[in-house]
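This one's a predicted model, so the numbers in the text were calculated from it and none came from an experiment.
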Amino acid sequence: MFRKTFLIPFFCCFYIINGFAQVSNNDTLLYDEAPLLRHIKTLSSDAFEGRRTDTKGALKARKYIINQFHSLKVLPFGNMYEQPFSFINRRKQYHATNILGLIKGAEFSKKYIVISAHYDHEGIKQGEIYNGADDNASGISALFAFAEYFKKNPPKHSVILAAFDGEELGLQGSKHFVNSAVISIKNIVANLNMDMISRSTKNELFAVGTPHNKRLKYIIKHFECSNKIKLKIGHDGYDGLDNWTYSSDHANFHKKGIPFLYFGVEDHKDYHEPTDDYENIDPEFYVEAVKTIISVFQKIDSSKI
């Protein structure tokens with residue numbers, strides 16, 4: 001997560017929605033919980049060396065993501081899954097790679113919803129590995145849950161599952177994606193971005209971006225979630241909380257006028273620390289968060305944004 005702090009001295013209320021999600025009582029219709037937890041544990045293990053852009057750990061993570069996409073029957077977006085690019089940050093050149101998968105839409109195959117998460121993190125600093133379990137192995141593992149869900153529940157719109165690189169170095173992967181010619185911006189219906197979704201002491205998951213689109217605001221405002229999680233509107237720059245509108249990869253979609261929802265949790269004591277390990281996530285909350293995000297997607301996929 002590449003968060004910057006923007007404090008707005010204007011307060012307004014935000015919504016807390018309680019109830020039960022519009023999901024079947026048979027949770028197996030969504031995804032298998034065991035692989036979700038296994039993937040986040042694996043990606044945040046020391047073997048991946050903190051997944052810093054342009055390192056051996058990042059290459060290993062990239063291969064892992066591609067293997068999972070392949071095994072889950074996710075097509076490559078284009079001729080291959082990889083979208084390589086380069087950028088300069090603090091006078092250093094980095095070679096990075098986005099990973100893009102495609103699920104073809106059953107009704108609106110030329111219109112796309114981009115579901116994104118970044119796979120890079122802080123790497124190794126002063127001999128300590130920053131494993132980034134919440135930030136953002138949690139989002140990448142959720143991409144796999146979406147892929148599993150789509151195997152039995154084909155979306156109406158085509159879906160791009162985007163694992164972005166270089167987020168921690170200035171949202172570079174999503175910047176390259178929206179500025180590349182791989183897809184016309186006008187054909188992207190919405191971006192759902194997941195970054196830090198696996199732990200919250202208050203069981204709160206925030207949906208950022210609703211002030212910019214009436215339909216998305218209606219969906220989130222009237223969304224019913226389980227009593228295990230609270231889906232909240234906030235952090236949009238209107239409530240005195242940190243403004244997350246430009247805090248992660250959704251920012252580059254927003255700059256292009258593309259409707260977005262960013263799903264994330266409040267910062268915690270392990271944010272950008274070497275203690276952001278699998279052992280410190282909340283598995284029950286994480287499972288519910290992914291179910292909630294998939295359920296929100298269902299509503300968006302059935303709507304005209």
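Side-chain atoms of Thr55 come within 3.5 Å of backbone N or O of Arg52 as a donor-acceptor pair.
Side-chain contact, Tyr119 with Asp165: a donor N or O sits under 3.5 Å from an acceptor N or O.
The shortest side-chain heavy-atom distance between Val74 and Ile103 falls under the 4.5 Å cut-off.
Ring geometry for His254 versus His212: interplanar angle of 30 to 60°, hence tilted. Ring geometry for Phe177 against Phe253 counts as tilted: the plane angle lies between 30° and 60°, on a 0 to 90° scale. Ring geometry, His235 versus Phe206: the interplanar angle exceeds 60°, so the pair is classed perpendicular (tilted spans 30 to 60°). The aromatic rings of Tyr130 and His121 sit tilted, their planes meeting at an angle between 30° and 60°.
Checked options Ile113, Ile183, Ile188; the residue passing with Ile160 is Ile183 (criterion: side chain to side chain contact (heavy atoms under 4.5 Å, CB included)). In summary, of the residues considered (Ser174, Ser247, Ser248), a side chain to side chain donor-acceptor pair (under 3.5 Å) with Asn193 occurs for Ser248 alone.
Under the 4.0 Å criterion applied to side-chain N and carboxylate O atoms, Asp249 and Lys175 are not assigned as salt-bridge partners. Using a 4.0 Å cut-off between charged nitrogen and carboxylate oxygen, Glu288 and Lys291 count as a salt-bridge pair.
Aromatic ring centroids of Phe150 and Phe297 lie under 6.0 Å apart. If you look at Phe164 and His118, their ring centroids are not closer than 6.0 Å. Between His176 and Phe87, the distance from one ring center to the other does not fall under 6.0 angstrom.
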